[in-house]
J.: 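Next up is a structure, given as structure tokens.
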Amino acid sequence: MPTAIVTGVTGQDGSYLADFLLSKGYRVVGMVRRSSTVTFGRIEHIQDDIEIIQGDLHDQSSLVSVIEEYRPDEVYNLAAQSFVPTSWKQPVLTGEVTALGVTRMMEAIRLVKPDTRFYQASSSEMFGKVREVPQTEATPFYPRSPYGVAKVYGHWITVNYRESYNLFACSGILFNHESPRRGLEFVTRKITHGVARIKLGLAQELRLGNLESQRDWGFAGDYVEAMWRMLQQDAPDDYVVSTGVTHSVRAFCEAAFGHVGLNYEDYVIQDPRFYRPAEVDLLVGSPEHARKKLGWQPKVSFEGLVEMMVDADLQLLGREAI
Ligand code: NDP
Ligand code: GDR
């Protein structure tokens, strides 16, 4: 039974990846940071099937201890300060966790068990002010937020450790992926939760920022499989993971409100409070390399994703109302 350590297991992707690895027969060890309240909402259903260990990407010795104790075959580094707007408010913390945290984890692997296979959660935010359309593994980076800058560091340190120490280290450049488990502050979930609240009479409006930005949105459940496939190859490499299709925030609103028979124009208010100091206007990735090398392709369409998320929020809020 192979052992996998997942950092960020309490997050959206960590919870789907843990589900996936369990279905493949892995021993799954989830690393969580200490907090005064329990943050296990997304992994409640598998809490008895995975092992939880405390560790923090700020703390080098905690990472060394985790690798020493579990001697993993694979490490998936999903933990990060992942919300782009917060990265302008907390740029130093974002750099510590999202950038230097990657080095700390790779150092722990290099020192304790260098044959561990390593996955780094890189991001399409690294492309920022895009240099070409669609974006591929060879597209130059131009990040537009402290978060994007931190992810560029995480990407290059992964490549550097692979080339310097011959580690099996992969960087997955994942485009936006969403699900009913997405955090409430991200725009897709904010919209689907807002739609459900309005439909159930719990709210009258939804305040958003820039409606014109375009994203290549996929389903998180599909994307975690690509992470795993990267670590099953003969040699490490970097991969763009995306659908190849882009939609605006406005189009997401139209689809989400439309799914419950409402017109988004009657409810959505543009509020400058949610504008960003620098925006990423357009993202669309080419998943060709992942398709050819990993045999990976997304299963859930944009429309399927929107409907899945709206239906889940209607159910959640309906249940809460009882
Ligand atoms: P989430 O924000 O849902 O989860 C982030 C996780 O990181 C949480 O489990 C959080 O723990 C944990 N974490 C934060 N700080 C620390 C720390 N100092 N030490 C240990 N753990 C910490 O993110 P997602 O699941 O959406 O994303 C997973 C990864 O993929 C992130 O690295 C993100 O940047 C990246 N990514 C995500 C994309 C997406 O569209 N979702 C696209 C491309 C990249 P806690 O629960 O305690 O807060
Ligand atoms: P993003 O996701 O920044 O792409 O990062 P987010 O959903 O926050 O924003 C997407 C786009 O929507 C616009 N937008 C709003 N965004 C939020 N959050 N709230 C609003 O009210 C709102 N109105 C409009 C934004 O301006 C932006 O253009 C996500 C994260 O998961 C990162 O960790 C990950 O690396 C990238 O996706 C790929």
Side-chain angles (χ1 to χ4, degrees), residues 6-17 30-35 37-43 54-59 62-63 66 76-87 93-94 96-98 100-102 104-105 119-128 143-145 147-148 150-151 154-155 171-179 181-191 194 206-220 223-224 227 240-242 247-250 252-253 268-283 285:
V6 179
T7 73
V9 74
T10 54
Q12 172 190 253
D13 289 11
S15 66
Y16 279 108
L17 181 64
M31 193 191 88
V32 302
R33 57 178 169 168
R34 192 264 158 191
S35 93
T37 52
V38 178
T39 55
F40 294 178
R42 294 184 178 104
I43 49 170
Q54 277 195 8
D56 197 303
L57 288 188
H58 283 105
D59 189 274
S62 72
L63 304 180
V66 170
Y76 295 85
N77 185 39
L78 308 185
Q81 191 303 93
S82 75
F83 190 47
V84 172
T86 296
S87 76
L93 177 136
T94 301
E96 281 290 345
V97 179
T98 305
L100 276 179
V102 186
R104 291 191 191 101
M105 182 51 97
Y119 173 84
Q120 167 57 16
S122 293
S123 164
S124 52
E125 280 294 296
M126 302 190 301
F127 296 122
R144 295 274 280 169
S145 62
Y147 169 82
K151 282 290 180 186
H155 170 81
S171 170
I173 306 174
L174 271 54
F175 282 59
N176 299 52
H177 43 277
E178 319 294 315
S179 73
R181 298 185 200 167
R182 187 55 140 158
L184 280 169
E185 73 265 66
F186 298 92
V187 77
T188 55
R189 184 77 199 288
K190 186 172 168 184
I191 295 168
L206 176 62
R207 289 183 174 267
L208 297 173
N210 179 12
L211 300 185
E212 310 314 329
S213 56
Q214 292 172 264
R215 290 290 184 277
D216 181 333
W217 279 298
F219 171 51
Y223 283 40
V224 297
M227 299 174 187
V240 160
V241 178
S242 65
H247 293 88
S248 64
V249 173
R250 185 182 296 281
F252 196 103
C253 288
V268 170
I269 296 171
Q270 273 192 276
D271 187 334
R273 268 191 306 144
F274 298 109
Y275 293 165
R276 297 176 181 188
E279 181 60 279
V280 171
D281 295 317
L282 164 73
L283 289 175

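Since the model is a prediction, treat every value here as computed from it, not as a measurement. Just so you know, ligand 1 is whichever comes first in the structure, and atom 1 is the first atom listed for that ligand.
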J.: Are Phe127 and Val280 packed together at the side-chain level, in the sense that at least one heavy-atom pair is separated by less than 4.5 angstrom?
T.: no

J.: At less than 4.0 angstrom from any non-hydrogen atom of Val249, what atoms of ligand 2 do you find?
T.: 12 (O), 13 (C)

J.: Please check whether Asn176 reaches ligand 2 - meaning an N/O of the residue sits under 3.5 Å from an N/O of the ligand, judged on distance alone.
T.: yes

J.: Show the atoms of ligand 2 that are less than 4.0 angstrom away from any heavy atom in Glu125.
T.: 4 (O), 36 (C)

J.: Residue by residue, ordered by chain and number, which ones reach under 4.0 Å of ligand 1 with a heavy atom?
T.: Gly8, Thr10, Gly11, Gln12, Asp13, Met31, Arg33, Asp56, Leu57, His58, Leu78, Ala79, Ala80, Ser82, Val97, Ala121, Ser122, Ser123, Tyr147, Lys151, Leu174, Phe175, Asn176, His177, Arg182

J.: If you measure from each heavy atom of Arg182 to ligand 2, is any distance below 4.0 Å?
T.: yes

J.: Can you report which non-hydrogen protein atom sits closest to atom 23 (N) of ligand 2, along with the distance?
T.: Gly209 N, 2.8 Å

J.: Looking at Ser82, which atoms of ligand 2 are within less than 4.0 Å of one of its heavy atoms?
T.: 30 (C), 32 (C), 33 (O)

J.: Decide, yes or no, whether a salt bridge links Lys190 with Glu185 under the criterion of side-chain N to carboxylate O below 4.0 Å.
T.: no

J.: Give the atoms of ligand 2, by number and element, whose distance to some non-hydrogen atom of Glu185 is under 4.0 Å.
T.: 17 (C), 18 (N), 19 (N)

J.: Which one holds for Phe274 and ligand 2: side chain close, backbone close, both close, or neither close, with close meaning a heavy atom under 4.0 Å?
T.: side chain

J.: Is there a donor in the side chain of Ser87 and an acceptor in the side chain of Thr94, or the other way round, less than 3.5 Å apart?
T.: no

J.: Backbone or side chain, does any N or O of Arg215 fall under 3.5 Å from an N or O of ligand 2?
T.: yes

J.: Heavy-atom pairs closer than 4.0 Å: do any link ligand 2 to the side chain of Val187, the backbone, both, or neither?
T.: both

J.: Within a distance under 4.0 Å of any heavy atom of Ser124, pick out the atoms of ligand 2 and give their elements.
T.: 38 (C)

J.: Enumerate the atoms of ligand 2 whose separation from the nearest heavy atom of Phe83 is less than 4.0 angstrom.
T.: 8 (O), 18 (N)

J.: Identify the protein heavy atom lying closest to atom 13 (C) of ligand 2, giving its residue, its atom name and the separation to 0.1 Å.
T.: Ser213 OG, 3.7 Å

J.: For ligand 2, which atoms sit closer than 4.0 Å to a heavy atom of Lys190?
T.: 20 (C), 21 (O)

J.: Output the list of atoms in ligand 2 that are nearer than 4.0 Å to some heavy atom of Val84, sorted by atom number.
T.: 3 (O), 5 (O)

